[in-house]
Amino acid sequence: MFQWLKEVLGEKEVQQALASGGSPYDLLTQLAQGVKPGADGLLFLPFLNGERAPYWDANARGSFIGLTLSHQKPHMIRAGLEGVIFSMYSIGEALERLAGSPANIFASGGFARSPLWLQILTDIFGHEVQVPVSHQSSAWGAAWFGLYALGEVSSLSAIKESIPMKETYTPNSVNHDFYNELYQTYSQLYFALKPHFSELATLQRGK
């Protein structure tokens, strides 16, 4: 999703990054940093390529909801970041119904390089988020399987003792309450738009 936003909205930031040797994603995130939570009433459904869990709907489509003349590029970026975390939260809800509340939440991968995105994650979930030193948790897990197969480590669960933590993000209670209310709207939008997603997908296929 963030790559799509960069390609569609970030031409200026890409040029600046090429000139300075920086990251266009950092520049785009800086823009979003100046927008308050909720992006001034703008919501984004991040279903740009259909959606897997929890809807499993290949016809789902990305959507900006609430767009007005007052919204600018920073609002769209902020809404995009929040929409991805709302999508993650919807999966978290399904997991909680099956397994109960999480004892710990860890963040890894590309988005974990963004302090803003991590704070949004923390505020939406209302739970502390721990960030490992390495963002490559999947690669580290694969390497641990290899070590276990070679007999170099005693068990797969022992990896817990070998993941150094970098920092912990703490939720802002005011932001969490606001996001919790906003999520109620977000979670209803998919079902409200689902019939139209199917119609658009049919038109797109030319049937």
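Here the structure is a predicted model, which is why all the values come from computation and not from measurement. Counting from 1, the numbers follow the sequence of the chain as shown.
- For the pair Arg78 (side chain) and Val35 (backbone), a donor-acceptor distance under 3.5 Å is present.
- Proximity of Leu45 to Tyr186: side-chain heavy atoms (C-beta onward) are separated by under 4.5 Å at one or more points.
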> Passes side chain to side chain contact (heavy atoms under 4.5 Å, CB included), Arg61 versus Phe47? Steps please.
Replying inline: CA-CA 5 Å; Arg61 294 292 182 264; Phe47 312 145; 5.6 Å; no
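- Taken from OH in Tyr179 to OG1 in Thr122, the straight-line distance is 10.5 Å, to the nearest 0.5 Å.
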>> Does Tyr89 form a side chain to side chain contact (heavy atoms under 4.5 Å, CB included) with Leu121? I'd like the steps, not just the answer.
In response: CA-CA 9 Å; Tyr89 186 74; Leu121 171 71; over 6 Å; no
Which pairs of donor and acceptor atoms, one on a side chain in residues 95-108, lie under 3.5 Å apart (sequence neighbours left out)?
unit_1	atom_1	unit_2	atom_2	d
Asn104	OD1	Gln130	NE2	3.2
Ser108	OG	Ser137	OG	3.4

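- Val14 and Val8 fall into different hydrophobic clusters, where Ile, Leu, Val, Met, Phe, Trp and Tyr residues are linked whenever their side-chain heavy atoms come under 4.5 Å apart, directly or through other members.
- Using a 30° and 60° split on the angle between ring planes, His75 and His71 fall in the perpendicular class, above 60°.
- Under the 3.5 Å distance criterion, the side-chain polar atoms of Ser90 are matched with a main-chain donor or acceptor of Ser87.
- No side-chain donor-acceptor contact under 3.5 Å links Gln15 and Glu11.
- Hydrophobic clustering of Ile, Leu, Val, Met, Phe, Trp and Tyr side chains at less than 4.5 Å, counting indirect connections, keeps Phe145 apart from Leu150.
- A heavy-atom distance below 4.5 Å is not found between the side chains of Val131 and Thr168.
- Trp144 pairs by the ring-ring contact (aromatic ring centres under 6.0 Å, His included) definition with Trp140, not counting sequence neighbours.
- To the nearest 0.5 angstrom, Thr29 atom OG1 is 7.5 Å from Ile77 atom CD1.
- No donor-acceptor pair under 3.5 Å is formed between the side chain of Trp56 and the backbone N or O of Glu51.
- The structure places OG1 of Thr202 at 6.5 Å from CG of Asn59, a figure rounded to the nearest 0.5 Å.
- Nearest heavy-atom pair across Trp117 and Met1 is CZ2-CE, 4.1 Å.
- How far CD1 of Ile91 is from OH of Tyr55: 9.0 Å, rounded to the nearest 0.5 Å.
- Side-chain N or O atoms of Gln184 include one that pairs as donor or acceptor with a backbone N or O of Asn180 at under 3.5 Å.
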> Which is it for Glu93 and Tyr183 under the side chain to side chain donor-acceptor pair (under 3.5 Å) test, yes or no, and what are the steps along the way?
Replying inline: CA-CA 12 Å; Glu93 279 192 320; Tyr183 177 72; 2.8 Å; yes
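- Looking at heavy atoms from C-beta onward, Ile159 lies out of side-chain contact with Tyr148 at the 4.5 angstrom threshold.
- Contact record, Leu69 with Gln72: O-NE2, 3.5 Å, taken as the closest heavy-atom pair.
- Contact check for Asp57 versus Tyr190: side-chain heavy atoms found under the 4.5 Å cut-off.
- The side-chain heavy atoms of Phe86 and Ile124, taken from C-beta on, include a pair separated by under 4.5 Å.
- At a threshold of 4.5 Å between non-hydrogen side-chain atoms, the residues Gln16 and Pro24 do not count as touching.
- Here the CG atom belonging to Asp177 is positioned 12.5 Å from the CG atom belonging to Leu182, to the nearest 0.5 angstrom.
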> Are Ile65 and Leu193 close enough, and set up right, to give a side chain to side chain contact (heavy atoms under 4.5 Å, CB included), and what steps lead you there?
Replying inline: CA-CA 11 Å; Ile65 309 295; Leu193 294 173; 4.1 Å; yes
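- In this structure, the separation between OG on Ser114 and CG on Asp26 is 7.5 Å, given to the nearest 0.5 Å.
- A donor-acceptor contact shorter than 3.5 Å is absent between the side chain of Asp123 and the backbone of Pro171.
- Scanning all heavy atoms of the two residues, the minimum distance from Pro37 to Asn175 falls at CG-OD1, 3.7 Å.
- Two different hydrophobic clusters hold Leu5 and Leu27 under the rule that ILVMFWY side chains link at heavy-atom gaps under 4.5 Å.
- In this structure, Phe44 and Phe64 have tilted ring planes: the angle between them lies in the 30° to 60° band.
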>> Please determine whether side chain to side chain contact (heavy atoms under 4.5 Å, CB included) holds for the pair Phe111 and Leu81, giving the CA-CA distance in whole Å, both sets of side-chain angles, and the decisive distance to 0.1 Å.
In response: CA-CA 9 Å; Phe111 92 101; Leu81 300 180; over 6 Å; no
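- Of all heavy-atom pairs between Pro74 and Leu31, the closest is CB-O, 3.5 Å.
- No side-chain heavy atom of Met165 sits under 4.5 Å from any side-chain heavy atom of Val133.
- In this structure, Lys73 pairs ionically with Glu13, as a charged nitrogen and a carboxylate oxygen lie closer than 4.0 Å.
- No continuous path of hydrophobic side-chain contacts links Ile85 to Val174 [ILVMFWY only; heavy atoms under 4.5 Å].
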